[in-house]
Amino acid sequence: MTPLELVEIAVLGYFLVVNGFLLVLLALTWLDLGRQRQETWLSDPARLRGSELAPRISVIAPAYGEQATIAQSTRALLALGYPQLEVVVVVDGSPDDTLGELERAFALAPVTPIYRRTIPTAPVRGVFRSREAPSLVVVDKENGGKADALNVGLCVSTGTLVCAIDADTIIDPGALVRMVRPFLERVDVVAAGGTIRPVNGARVRDGRVVDVAVPRRPLAALQAVEYLRAFLPGRVGWNRLGGNLIISGAFGLFRRDAMLAVGGYEDETVGEDMELVAALRRHGHETGGPRSVAFVPDPVAWTEVPEDLRTLGRQRDRWHRGLADVLWRHRATFGRPRYGPLGLVAMPYFTLVELLAPLVEAAGLLLLLAELLILGIDAEFAVLFLLVAYGLGMLITTATVLTDELTYRSFGRPRETVRLLGWALVEPLGYRQLTVWWRLRGLIRWLGGAREWGQMQRRGFAHGAAPGTDDEAPGTRRAA
Amino acid sequence: MTDLLEPILLVEAVLLALVVLGTLGHAGWRALERRRLRPRLEEARDAIVSTLSPAPLSGATEEALRALGRLPRRMRLGLLAGVGEQVTGDAGQRITELTAAAGLDRRLARDAAARRPRRRLRAARALTATGGGTAIVPALLDDEDPSTRAQAAMWVVRHGDEDAIRRVVAHAFDEDGLSRFASADAIVRIGPRSAPALAAALTEDRGAGLVVPLQVAGHVRDLRLLEPVRALCASPLPAVRAQALRSLARIGGIAENPLLEAALTDPEPAVRAAAVEGLGRVGAWRSAQAIGAALRDPAWDVRRAAGLALLALDAPGRLVLRRALDDEDRFAADMARRALDEERMA
């Protein structure tokens, strides 16, 4: 066997192992979904809504450049229908009139709340409370980035649990009631994540999603497929493997005391959401405290996804830099039995599969191309190789669509499932290769020390929202 | 390599075709079912609602049963449960009767005794909403599956007798978090009827397990709970003492001042904070000076609780806070300032 053949086998083997692992995750997802759907005794939100014993939740929403939508999205948060709810909006040195808009809409008055500044942050200019909505607290602070804004919110908030969201995330009514379930079930749960779906194709009224649909624009529709795959086998399956490392920054619920114990969000990384989960799990293992991370598929939050290649590329680039950075920061846990499933399963998987996948995939494609052009290998072999490699990925994606059709029907009507299936079949043809390039670029830029967030063009989904330029991670950004 | 790849590709292609066909088939079937069953579902819902009026038309029940009979069993049950959750009293009783007349109660009884936990859970859930199950659900209170136990506790809120309530109270010590929470929540919803069982439970030697029942006692607020709660204020466990003091303030009110004030010297900060919080809650203005002294406590949580408690005392508390602005202890002065700032909003 020639060295080239060995490399071919290695690349193909890598594809098969990676996709095989995803198949295992999908199988675990099937098991877990069945159990979860049966055990949702709190699926009637009214049950917990009327409870005097429900744990208090503080929703923290960082806001930067949200003047057009902030009043409406804050009203939607206040109307979430959770019994013990506090909404903390942190205006992160926004250059527009986000604070003024909040003052006008909610009759804010300045207060000096009694709270501990346990995490160092950019200076706080003022804290306000609404005369009209007593559960609303608004913090005005100097710009310090999303993590910094979340940390201020964490210090000011009073809930036992903290729900971190982006200011433009739309949370389904009843989602918090469902999300709190793992914390009621087990004392060792430190964080829980819910499902994120692209809002681009949906109809939004008064800060609520009133009609769901697969996005009509191709790039957003392809991301709808990607999100589905990321949140069904990508997260549910991990529940049985000791929990994964990612809870989306757009929608996650955490134990506040544990967050404070690890010093809140790390603002020196662009992957602050993943870093927090890794830190919480690591801290739990080191101190013997709570360390489980649960994913609950039925609480849903909606977020706008990029609809142009440039913005999407920058987003994926940043996500991959964040991933690399977090794995590097917590490399001490890699492969160490002391850290249980975190060290033995999650860290190796995220390093060898998530981090290196674009590298191996790009190497495989380049190698095949080189062989075809320089060595003149059989074109039939090249086609077969690609079909096998991408066919397995396609199989997993379509199986995910089938799982969704049989369970949650994310996009409602049957014709939307058919549409989603269509996009699942074309996703490996071009789109996937683009994501490989963006992730590879992110990896290279991380090695070069790039740490910035970048810009994102957003169209705006809320009624009355004007399209505009905003932060890449919707919500807040560090000043340039 | 080509020889290796071809069979792999073939397997992939077959699986892919099956998955695609399965998805399309299920979506198509769903679309057809939707079209077929939606009008029937609406008809059945209207028919059920028409039986709930105080004076239903003659034949309304038969009409409802006929409409229900045109639906699949799962949908029938879902519809009755959905309506049942919204109504109580006579209307709730009619839903129970309709469920029985539709023959669903026999099926639920079989499910409640099934080997698979998910079937038992489903039965408990349906019976909670539709009513009935007096001979079936109490047995599920001790089910091996925590979710089923939790659901059975919810059933007791609406349909349980004294014995069932006693058993729900016992589950406030459940090792499983969900069952424990559901039981505690059920006891609070049941209210004073649960007081005798809860009072007896609070006398058991359960160590830190008493925290949840104590918390529940504070929400039930029945005077029959006062004695055991008072006794637990002397528990050797700080977490129990702290929760007992909080609940004592909620149940006993101003009469419990001496016990709460005595706890201000407890060695544990969490207990002192709970005592201060309790004094603020009961409006013990005579204790304003003692609470004011807690502004100098070395523990931040106690100082914060003192600031908030003094605010709750209104004029006497504000007076103490204003004096504390010039306190030699700068931590006390700072907390007083913060508390007074907080008060501006109120």
Side-chain angles (χ1 to χ4, degrees), chain A residues 5 8-9 12 16 34-35 37-44 46-48 50-54 109-116 128-129 131 181 183-187 189 378 380-381 384-385 387-388 391-392 394-395 398-399 401-402 404-406 409 413-418 420-421 424-425, chain B residues 1-2 4-6 8-9 12-13 15-16 19-20 22-24 26-32 34 85 117-119 121-122 124-125 128-129 145-148 150-151 154 176-182 184-185 188-189 212 215-216 219 300 303-304 307-308 335 337-342 344-345:
Chain A
E5 278 178 329
E8 281 166 6
I9 289 174
L12 188 66
L16 293 176
R35 185 189 64 84
R37 278 169 62 77
Q38 289 301 322
E39 290 186 357
T40 52
W41 76 278
L42 290 172
S43 56
D44 170 16
R47 289 255 158 79
L48 198 58
S51 173
E52 293 179 34
L53 303 178
V111 288
T112 312
I114 307 172
Y115 73 94
R116 263 178 167 166
F128 306 83
R129 204 166 274 174
R131 288 198 176 91
R181 201 167 56 223
F183 293 92
L184 299 178
E185 285 174 346
R186 287 155 45 202
V187 289
V189 173
D378 186 8
E380 188 194 342
F381 166 77
L384 265 177
F385 186 92
L387 283 175
V388 167
L392 194 52
M394 192 187 277
L395 178 63
T398 50
V401 175
L402 174 62
D404 184 61
E405 164 63 21
L406 296 173
R409 291 150 202 169
R413 292 178 288 271
R415 69 165 177 269
E416 297 300 323
T417 300
V418 175
L420 200 64
L421 185 67
L425 291 170
Chain B
M1 276 288 271
T2 310
L4 178 72
L5 292 177
E6 273 175 351
I8 297 177
L9 187 62
E12 277 182 9
L15 287 174
L16 185 65
V19 169
V20 169
T23 310
L24 290 174
H26 193 273
W29 172 80
R30 190 156 64 91
L32 288 173
R34 211 172 136 119
E85 274 176 348
R118 63 174 59 178
R119 284 183 63 191
L121 174 61
R122 206 164 54 203
R125 196 179 289 164
T128 304
D145 173 47
S147 298
T148 306
Q151 185 60 49
M154 297 308 295
D176 179 82
L178 182 63
S179 175
R180 190 169 58 238
F181 176 82
D185 188 57
V188 174
R189 288 170 198 262
V212 171
Q215 188 190 5
V216 170
H219 286 271
W300 187 89
R303 293 202 301 275
R304 179 178 185 271
L308 295 175
M335 189 55 77
R337 183 181 59 78
R338 286 171 178 276
L340 287 168
D341 273 347
E342 180 90 347
R344 277 192 300 139
M345 245 324 275

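Letters A, B, ... mirror the listed sequences (proteins, then strands); counts begin at 1.
Thr148(B) and Asp145(B) share a side-chain donor-acceptor pair at under 3.5 Å.
Of the atoms belonging to Val188(B), it is side-chain heavy atoms, and not backbone ones, that fall under 4.5 Å from chain A. Val187(A) touches chain B through its side chain: at least one heavy atom from C-beta onward sits under 4.5 Å away, while N, CA, C and O do not. Proximity to chain B is limited to the side chain of Glu380(A), based on heavy atoms less than 4.5 angstrom apart. Looking at Leu421(A), the atoms closer than 4.5 Å to chain B (heavy atoms on both sides) all sit in the side chain, from C-beta outward.
Among all heavy-atom pairs drawn from Pro414(A) and Ala27(B), the shortest one is CB-O, 3.3 Å. Considering every non-hydrogen atom in both Gln151(B) and Thr128(B), the closest pair reads NE2-OG1, 3.0 Å. Shown here for Trp300(B) and Tyr115(A), the closest heavy-atom pair between the two residues is CZ2-C, 3.7 Å.
Side-chain contact between Leu420(A) and Thr23(B): absent, with no pair of heavy atoms (C-beta onward) separated by less than 4.5 Å. In this structure, the side chains of Arg338(B) and Arg303(B) stay at 4.5 Å or more apart for every pair of heavy atoms.
Comparing Arg30(B), Glu12(B), His219(B) by how many heavy-atom pairs each has under 4.5 Å with chain A, the most go to Arg30(B). Annotation: maximal heavy-atom pairing with chain B below 4.5 Å, among Glu52(A), Glu405(A), Arg186(A), occurs at Glu405(A). With chain B as partner, the option from Arg413(A), Arg409(A), Arg415(A) having the largest number of non-hydrogen pairs under 4.5 angstrom is Arg409(A). When each of Leu392(A), Thr417(A), Val418(A) is scored by its heavy-atom pairs under 4.5 Å with chain B, the top score falls to Leu392(A).
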